[in-house]
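Per chain, numbering begins at 1; letters A, B, ... match sequence-line order.
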Number of protein chains: 2
Amino acid sequence: MRRDVFQAIADPTRREIINLIAFQSLNLNAIAENFEMSRPAISQHIKILTECGLVSIKKEGRERFCEVKFQKLKEVSQWIEQYSSFWNNKLDALEIYLSANKTKVEPKK
Amino acid sequence: MRRDVFQAIADPTRREIINLIAFQSLNLNAIAENFEMSRPAISQHIKILTECGLVSIKKEGRERFCEVKFQKLKEVSQWIEQYSSFWNNKLDALEIYLSANKTKVEPKK
DNA sequence: AATTTGCGTAAGTAAATACTTACTTATAAA
DNA sequence: TTTATAAGTAAGTATTTACTTACGCAAATT
């Protein structure tokens with residue numbers, strides 16, 4: 001069972017959870033109120049988010065407050081930023097590079 | 001069946017494919033040679049990547065060259081960058097913000 | 001002390017995912 | 001024109017995913 005950040009943010013519900021608790025730490029029931037699905041379903045999503053390090057839980061009495069560990073998102077943005085030179089107005093340069101490397105290609109009719 | 005960029009990059013094989021064709025367009029067999037799995041498996045991954053717009057295919061005779069559409073990755077980086085202020089040396093500010101919004105919390109013993 | 005609240009977990013399920021092998025089609029080479 | 005190559009597709013399968021309901025337990029309230 002994979003449990004990494006890429007997998008965690010693939011699910012739209014989990015991205016919504018992150019949006020929800022990005023600016024204020026909420027307990028589990030407060031999160032669940034914002035969704036149509038059952039509380040245990042949200043609990044399971046939170047489990048996935050904590051297991052990959054994207055969310056941390058602070059116990060306060062019987063409540064558990066969830067907050068986002070934004071540093072973890074860095075793993076994703078760093079993977080993407082490898083390629084960032086290709087979309088910062090340098091798409092033409094990429095086209096040139098690619099076509100220069102396809103020397104055996106027939107010209108279009 | 002969801003078919004978005006977040007889902008597409010969740011699979012490690014598909015991220016490897018993107019890495020592989022990031023700097024040079026390759027045809028399907030050339031891509032498949034780099035993996036242990038069968039060619040049809042790679043073909044199916046490419047299908048997912050094209051259906052979400054992350055890869056485009058250029059037909060050349062009987063070959064199909066795959067190249068990355070980097071612009072699509074922007075969707076992911078933009079989602080993450082909403083929160084970027086929280087990890088650019090501003091983590092302390094976040095801690096302050098969060099604790100300021102938990103007024104009913106008991107002090108630690 | 002009894003009840004309510006917050007939340008985790010177990011078990012079950014339908015659908016999705018990530019493969020496989022077998023087959024087909026289109027193009028190119030012999 | 002026969003054969004080889006590139007690659008899409010179909011069908012089958014094991015595993016994973018995203019839920020559900022039912023239940024249990026610890027902390028708080030009555």
Side-chain angles (χ1 to χ4, degrees), chain A residues 1-18 20-21 24-52 54-67 102 104-109, chain B residues 1-18 20-21 24-52 54-67 102 104-109:
Chain A
M1 188 194 325
R2 233 173 330 118
R3 197 114 300 175
D4 59 46
V5 189
F6 289 91
Q7 188 63 41
I9 65 168
D11 185 87
T13 301
R14 288 195 289 270
R15 289 201 301 280
E16 273 193 71
I17 290 173
I18 289 169
L20 200 60
I21 61 176
Q24 56 177 345
S25 185
L26 292 177
N27 69 20
L28 206 132
N29 276 340
I31 295 169
E33 278 169 14
N34 291 273
F35 296 88
E36 301 265 294
M37 67 189 69
S38 69
R39 186 196 44 78
I42 298 299
S43 192
Q44 286 158 20
H45 280 305
I46 296 289
K47 194 181 184 189
I48 289 167
L49 289 167
T50 56
E51 280 177 1
C52 80
L54 245 178
V55 161
S56 76
I57 291 179
K58 301 229 166 119
K59 285 182 69 173
E60 282 166 16
R62 64 187 165 186
E63 293 175 84
R64 273 124 209 258
F65 284 89
C66 305
E67 59 185 55
K102 282 186 285 178
K104 290 182 181 176
V105 168
E106 288 183 50
K108 279 180 186 169
K109 293 132 204 170
Chain B
M1 189 194 325
R2 235 173 327 118
R3 198 113 301 174
D4 59 47
V5 189
F6 289 93
Q7 187 63 40
I9 65 169
D11 185 87
T13 301
R14 287 196 288 270
R15 288 201 302 279
E16 273 193 71
I17 290 173
I18 289 169
L20 199 61
I21 61 175
Q24 55 177 345
S25 184
L26 293 176
N27 68 21
L28 206 133
N29 277 340
I31 295 168
E33 277 169 16
N34 292 272
F35 296 88
E36 301 265 294
M37 68 189 67
S38 69
R39 187 196 42 79
I42 298 298
S43 192
Q44 285 158 21
H45 279 305
I46 296 288
K47 195 181 183 189
I48 289 167
L49 289 167
T50 55
E51 280 177 1
C52 81
L54 245 178
V55 161
S56 74
I57 290 178
K58 301 229 167 119
K59 286 182 71 174
E60 281 166 15
R62 63 187 166 186
E63 293 175 86
R64 273 124 209 259
F65 285 89
C66 304
E67 57 184 57
K102 284 186 285 179
K104 290 181 181 177
V105 169
E106 289 182 49
K108 278 179 186 168
K109 292 131 202 169

Checklist entry - Starting at CG of A:Asn27 and ending at P of C:dT5, how long is that distance when rounded to a whole Å? => result 14 Å

Checklist entry - Between the side-chain atoms of B:Gln44 and the base atoms of C:dT20, is any donor-acceptor pair under 3.5 Å? => result yes

Next on the checklist: Just the rounded figure in Å: distance from C1' of C:dT17 to CZ of A:Phe6.
Outcome noted: 19 Å

Checklist entry - From D:dG8, D:dT5, C:dA18, pick the nucleotide closest to the side chain of B:Arg64? => result D:dG8

Checklist entry - Can you check whether B:Ser38 has a side-chain N or O nearer than 4.0 Å to OP1 or OP2 of C:dA18? => result no

Next on the checklist: Please confirm whether the shortest side-chain N or O distance from B:His45 to OP1 or OP2 of C:dC19 is below 4.0 Å.
Outcome noted: yes

Checklist entry - To the nearest angstrom, how far is A:Lys59 atom NZ from C:dT5 atom C1'? => result 15 Å

Checklist entry - Shortest non-hydrogen contact from B:Leu20 to B:Phe35? => result CD2-CE1, 4.0 Å

Checklist outcome for this item: A:Ile57 atom CD1 is separated from C:dT9 atom P, nearest whole Å, by 10 Å

Item to check | Whole-Å distance separating the CG atom of B:Asn29 from the P atom of C:dT27 | outcome: 16 Å

Next on the checklist: What's the closest nucleotide to the side chain of B:Pro40 if the choices are C:dA22, D:dT21, C:dA29?
Outcome noted: C:dA22

Checklist outcome for this item: Atom CG of A:Asp11 and atom P of D:dT16 are separated, to the nearest Å, by 17 Å

Checklist entry - What is the distance, rounded to the nearest whole Å, between atom CG of A:Leu49 and atom P of C:dG8? => result 12 Å

Checklist entry - On a plain distance test, is the side chain of A:Arg39 in donor-acceptor contact with the base of C:dG8 below 3.5 Å? => result yes

Checklist outcome for this item: Looking only at D:dA22, C:dA28, C:dT17, the nucleotide nearest the B:Gln7 side chain is C:dT17

Next on the checklist: Are B:Arg64 and B:Ile57 packed together at the side-chain level, in the sense that at least one heavy-atom pair is separated by less than 4.5 angstrom?
Outcome noted: yes

Item to check | Rounded distance [0.5 Å steps], CG in A:Leu49 versus CZ in A:Arg15 | outcome: 11.5 Å

Checklist outcome for this item: Comparing B:Lys47 with A:Arg62, nearest DNA chain D nucleotide closer to 5' gives the residue B:Lys47

Checklist entry - Given atom CZ of A:Phe65 and atom C1' of D:dA27, what is their separation to the nearest angstrom? => result 14 Å

Checklist entry - Of the nucleotides D:dG8, C:dT20, C:dA18, which one has an atom closest to the side chain of B:Ser43? => result D:dG8

Checklist entry - D:dT21, C:dT9, D:dA6: which one has an atom nearest the side-chain heavy atoms of B:Glu63? => result D:dA6

Next on the checklist: Donor-acceptor check, side chain of A:Arg14 to backbone of A:Ala8, threshold 3.5 angstrom: yes or no?
Outcome noted: yes

Checklist entry - Any side-chain heavy-atom pair from A:Leu54 and A:Ile9 closer than 4.5 angstrom? => result yes

Checklist outcome for this item: By nearest-nucleotide position on DNA chain D, the 5'-leaning member of A:Gly61 and B:Leu28 is B:Leu28

